[in-house]
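Every chain is numbered from 1 and lettered A, B, ... according to where its sequence line falls, protein lines coming before strand lines.
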Number of protein chains: 2
Amino acid sequence: MNENKINVSIVEDDSEIRQLLSLIIDGSPSFECKYNYSNCEDAVEQAPQNPPDVILMDIDLPGSSGIEGVRELKVKLPGTDFLMLTIKENDESVFESLSAGATGYLLKDTPPTELLDSIKSVVNGGSPMSPPIARKVLSSFHKTVDSPLSERETEVLKKLCDGENYKTIADALFVSGNTVRAHIKSIYKKLHVNSRAEAVRKAINQNLL
Amino acid sequence: MNENKINVSIVEDDSEIRQLLSLIIDGSPSFECKYNYSNCEDAVEQAPQNPPDVILMDIDLPGSSGIEGVRELKVKLPGTDFLMLTIKENDESVFESLSAGATGYLLKDTPPTELLDSIKSVVNGGSPMSPPIARKVLSSFHKTVDSPLSERETEVLKKLCDGENYKTIADALFVSGNTVRAHIKSIYKKLHVNSRAEAVRKAINQNLL
DNA sequence: ATTAAAATGCCCCATATGCGTAATTGATTG
DNA sequence: CAATCAATTACGCATATGGGGCATTTTAAT
């Protein structure tokens, strides 16, 4: 194991792609790519014996998916970064991969040079993403502009999320507890929920605050 | 207004930096940078008269911040993309900017070439971020690996977030309502909360599900 | 000017919730 | 083997919550 080279492993079922990637990476002077796997199970079992700096993980694998792979390997290899590789840019896959612990997400049309740059970026503290993925991720933070709630209701909802009860909300807004209850009823109606828990959930997930 | 060029406006209080950026951008054949502003108020008032494709927005501005600026301009200029520019990489600023509607976030040490590339990327559907920012953003999706909750408690918490009550949770888990209550008590204790609303909030914000 | 929300306020009532306390079993771990 | 902890069950109690209905005033919007 050359200490100066960035050690990369690949998990990819298509042997052609796997070998191609391996050649690109291993052929580059600053990288080394010795241990590759054709499925998740092998990777989960064997990668811990030869811990790489970065694992390129295909998402669509036979058996357990690359997402599952990251989830399992992340605990066994806390020092390894995971770069997802996929053909289709599926919304759910992106966010699931990220919450599983991926530090980057590339589409397979990424040209070789960029792939190598991305791997470098990962070990240097970056998080490379293909442009459409980055956009998707950032967009997930955007607020829903058209909240169905009135200003006052939004104010009440915020306090609901803080776990405040009728009385404290009422005091904070200088209105009666009954008014607060009326607002909450209205909020529930508009959000189509009938409990605080659901209201809080919707408020957070839809950025209504 | 040249239709072939990408139209850029800058909001930046430091006149030196503003002019420097303007020179870099306007000096490049594929860009045009005519209308720049030294503060948010001016930008909010005047930019709608000359809507640019991209606005480079400084965060630390005298008066209302660049974040506030994005929030206000985003509604007036729905077709414009906002690229934040800042010196310090403050966590809160990043996420606030994104939820305000920014589509990119660059640190001021970004070299001119990359800045231009980033602007191009934005209009082409990307979301450029400086490496440490990208890492921060992706990390925000990572699950808290060391959840203080037991598996059973996590299961209960999920159902709490769905707005289920003691009875339905109990039925779903094939245990008594009292058991569910005991679990919930334990959850509250571990999460340092004392209501569903707070528990749901923590669960979502800390990815405990 | 008329209508429609929004914001405010109130009552009753059944049930859900949170808190305290306590006990049993099984698994894990030192 | 002892100790700890997770999971389970249980009871009582004060209060919070959600549902229903109803009324007034202020503030948009048409």
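The shortest side-chain heavy-atom distance between B:F82 and B:V122 does not fall under the 4.5 Å cut-off. Between A:H142 and B:S99 there is no side-chain heavy-atom pair separated by less than 4.5 Å. In this structure, A:L160 and A:L157 have side chains that are in contact, with non-hydrogen atoms separated by less than 4.5 Å.
A salt bridge does not link B:D14 with B:R18: every distance from a Lys NZ or Arg NE/NH1/NH2 to an Asp or Glu carboxylate oxygen is 4.0 Å or more.
Atom-to-atom, CD1 of B:I187 to P of C:dC19 comes out at 13 Å; the value is rounded to the nearest Å. A straight line from OH of B:Y188 to C1' of C:dG18 spans 7 Å, rounded to a whole angstrom. What separates CD of A:E153 from C1' of C:dA6 is a distance of 8 Å, to the nearest Å. Straight-line distance from the CD atom of B:E198 to the C1' atom of D:dA16: 14 Å, rounded to whole Å. Residue A:E164 contributes atom CD, which lies 14 Å from atom C1' of D:dA16 at whole-angstrom precision. When rounded to the nearest whole Å, the span between CG of A:L173 and C1' of C:dT8 equals 12 Å. The distance between atom CG of A:L160 and atom P of C:dT17, rounded to the nearest whole Å, is 15 Å. In this entry the distance linking CG of B:N194 with C1' of C:dA16 reads 16 Å, nearest Å.
Residue B:S150 places at least one side-chain N or O closer than 4.0 Å to OP1 or OP2 of D:dA7. Taking 4.0 angstrom as the limit, A:H183 places a side-chain polar atom (N or O) nearer than this to OP1 or OP2 of C:dT8. Here B:R152 reaches the OP1 or OP2 of D:dT8: one of its side-chain N or O atoms lies under 4.0 Å away. The side chain of B:K167 places no N or O atom within less than 4.0 Å of a non-bridging phosphate oxygen (OP1 or OP2) of C:dT17. Contact between the side-chain N/O atoms of A:T179 and the OP1/OP2 oxygens of C:dG9 is found at a separation under 4.0 Å. In this structure, B:S176 reaches the D:dT9 phosphate: one of its side-chain N or O atoms is under 4.0 Å from OP1 or OP2.
Residue B:N178 is classed as a base contact, given a heavy-atom separation below 4.0 Å to a base. Using a 4.0 Å heavy-atom distance criterion, A:S186 is classed as making no nucleic acid contact. Residue A:K189 is out of contact with every strand shown, counting any heavy-atom pair closer than 4.0 Å.
A:R196 contributes no side-chain N or O that forms a donor-acceptor pair with the base of D:dG18 under 3.5 Å. Remark: the A:R181 side chain and the D:dG19 base include a donor-acceptor N/O pair separated by less than 3.5 Å.
Side chain of B:T179 to main chain of B:V175: no donor-acceptor pair is present (N/O by atom type, distance under 3.5 Å, no hydrogens or angles).
Closest to the side chain of B:Y166, out of D:dG18, D:dA10, C:dT17, is C:dT17. Of the candidates C:dC19, D:dG18, D:dT17, the closest approach to any side-chain atom of B:K185 belongs to C:dC19.
For the pair A:R196 and A:Y166, the cation sits on the ring face: its NZ or CZ lies under 6.0 Å from the ring centre, inside 45° of the axis.
Map A:F174 and B:S195 each onto its nearest nucleotide of DNA chain C; the residue landing nearer the 5' end is A:F174.
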